[in-house]
Amino acid sequence: MYNDKKWGILYCPKHGFMQNRKWEKAEKALRENNIDFDFVQSESSAGVERLVKMMINNGYKTIIIIGGDSALNDAVNCLMQTDKATRDSIALGVIPNGMMNDFAHFWGFNEGEEEQTVRWLKSRRIRKIDLGCIRYHNKKGEACRRYFLNCVNIGLIASIMNLRRQTRHIFGSRTLSFIFSFILLIFQRLEYKMRLKINTDVIDRNVMTVCVGNATGYGQTPNAVPYNGMLDVSVVFHPEMAQLFEGIYLFIRGKFLNHKSVHPYRTQKIEIDEANKALVGIDGRLMRTPAEPFTITVEQEVINFLIPQ
């Protein structure tokens with residue numbers, strides 16, 4: 001008979017980076033903490049969704065993702081396809097192992113600290129967290145939605161986040177990959193004609209990038225938290241080149257909102273009527289550009305997430 005105390009562990013390895021050693025450390029921490037678990041490994045986004053659905057259908061009440069923001073995104077989207085009673089019976093946790101682990105970092109989970117992370121997860125401190133939701137139509141005109149834990153980026157930063165994922169494989173360092181990605185922005189389109197409605201404000205002008213954050217948004221919505229029923233929005237108009245490099249400096253220093261070209265908002269809903277086919281990224285991964293218009297909202301306290309003590 002299935003034991004609902006048993007954890008379902010989904011391991012999403014990065015390519016290279018001594019990944020056999022990564023799983024060995026996680027497995028050692030799990031066994032030393034007397035965790036009863038079943039383990040599966042996924043190599044792709046489609047695999048994550050399939051395996052999380054399998055875990056849900058097989059009755060696991062604790063699902064742990066050993067992966068990054070994208071794998072967590074796939075997991076919460078699977079959970080949101082279930083009924084509320086099923087979803088409320090499941091707790092989701094993370095052992096960070098992605099190219100980007102910003103949602104894990106928000107809570108204080110860090111790579112390389114498997115023993116401490118497993119002890120925290122074992123304590124089973126659960127926080128009901130919010131999710132953002134982007135509603136759009138695909139190219140076939142079908143209504144679609146996608147949930148996110150961290151943020152949606154529209155415009156230049158979506159391009160940079162995509163570059164960052166690629167250059168992280170080269171540099172290994174989060175900061176170096178981001179700086180190099182910013183340097184590459186001189187080859188990117190720098191602004192897009194957008195029309196946005198945020199609260200009572202209508203923005204109808206050229207915009208460089210928009211970040212809609214349910215959490216810190218890779219530093220662009222540093223005051224956002226996934227438990228207040230609100231989204232933070234940073235709208236960045238096109239600065240002069242000197243201001244652009246000042247913005248990079250402030251971003252790295254964690255003072256992004258201090259830049260004069262950044263306009264912050266807090267809202268429960270943002271309507272994007274026009275984005276001039278700007279790239280859209282969700283939790284660090286490019287999505288197929290949704291047809292305009294599209295809407296981003298917040299859904300309050302919908303996922304049980306395991307947090308540190």
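What you see below is based on every heavy atom in this structure, not just the backbone, and it leaves out hydrogens, waters and symmetry mates.
Under the 30°/60° scheme for interplanar angles, the aromatic rings of Trp120 and Phe109 are found to stand perpendicular. Ring orientation note: the planes of Phe103 and Phe305 are nearly perpendicular, at an angle over 60° on the 30°/60° scale.
No more than 12 heavy atoms of other residues, nucleotides or ligands lie within 6.0 Å of NZ in Lys197, so this atom counts as exposed by the packing criterion.
To the nearest 0.5 Å, atom SG of residue Cys12 and atom CG of residue Asn97 are 8.0 Å apart. Summarising the geometry, atom OG belonging to Ser42 is positioned 7.0 Å from atom CZ belonging to Arg50; distances are rounded to the nearest 0.5 Å. Annotation: the span from Ile95 atom CD1 to Glu113 atom CD amounts to 12.0 Å, rounded to 0.5 Å. Atoms NZ and OG, from Lys84 and Ser89 in turn, are 10.5 Å apart once rounded to the nearest 0.5 Å. Atom-to-atom distance recorded for Asp273:CG and Phe294:CZ is 9.5 Å, nearest 0.5 angstrom. Atoms CG and CE, from Leu131 and Met80 in turn, are 5.5 Å apart once rounded to the nearest 0.5 Å.
Asp83 pairs by the side chain to side chain donor-acceptor pair (under 3.5 Å) definition with Thr86, not counting sequence neighbours. Contacts of Arg124 classified as side chain to side chain donor-acceptor pair (under 3.5 Å), with partners at least two apart in sequence or in another chain: Thr62. Legend: residues meeting side chain to side chain contact (heavy atoms under 4.5 Å, CB included) with Arg31, ordered by chain and number and at least two apart, are Glu27, Phe37. Residues that satisfy the salt bridge (charged side-chain N to carboxylate O under 4.0 Å, His left out) test with Lys128, not counting sequence neighbours, are Asp88. Checked against side chain to side chain contact (heavy atoms under 4.5 Å, CB included), Thr297 has the following partners two or more places apart in sequence or in another chain: Cys133, Arg135, Lys269, Thr295. With sequence neighbours excluded, the residues satisfying side chain to side chain donor-acceptor pair (under 3.5 Å) with Glu32 are Lys28. Residues satisfying the salt bridge (charged side-chain N to carboxylate O under 4.0 Å, His left out) criterion with Glu274, sequence neighbours excluded, are Lys193. Arg87 is linked by a salt bridge (charged side-chain N to carboxylate O under 4.0 Å, His left out) to nothing, counting only residues two or more places apart in sequence or in another chain. For Val40, the side chain to side chain contact (heavy atoms under 4.5 Å, CB included) partners two or more places apart in sequence, or in a different chain, are Leu10, Leu51, Met54, Met55. Partners of Arg119 according to the salt bridge (charged side-chain N to carboxylate O under 4.0 Å, His left out) rule, which considers only residues two or more places apart in sequence or in another chain, are Glu115. Here Gln41 pairs with Glu43 under the side chain to side chain donor-acceptor pair (under 3.5 Å) rule; sequence neighbours left out. Shown here are the ring-ring contact (aromatic ring centres under 6.0 Å, His included) partners of Phe39, two or more places apart in sequence or in another chain: Trp23.
Checking Asn73 against Tyr147 by side-chain atom types alone, no donor-acceptor pair falls below 3.5 Å. Side-chain contact, Asn101 with Glu111: a donor N or O sits under 3.5 Å from an acceptor N or O. Counting only N and O atoms by type, the side chains of Asn153 and Gln220 include a donor and acceptor under 3.5 Å apart.
Both the sub-6.0 Å distance and the 45° axial angle are not jointly satisfied by Arg145 relative to the ring of Tyr136.
Side-chain heavy atoms closer than 4.5 Å link hydrophobic residues (I, L, V, M, F, W, Y) into clusters, and following such links, possibly through other members, connects Ile126 to Ile307.
Looking only at side-chain heavy atoms (C-beta outward), Ile56 and Leu79 come within less than 4.5 Å of each other.
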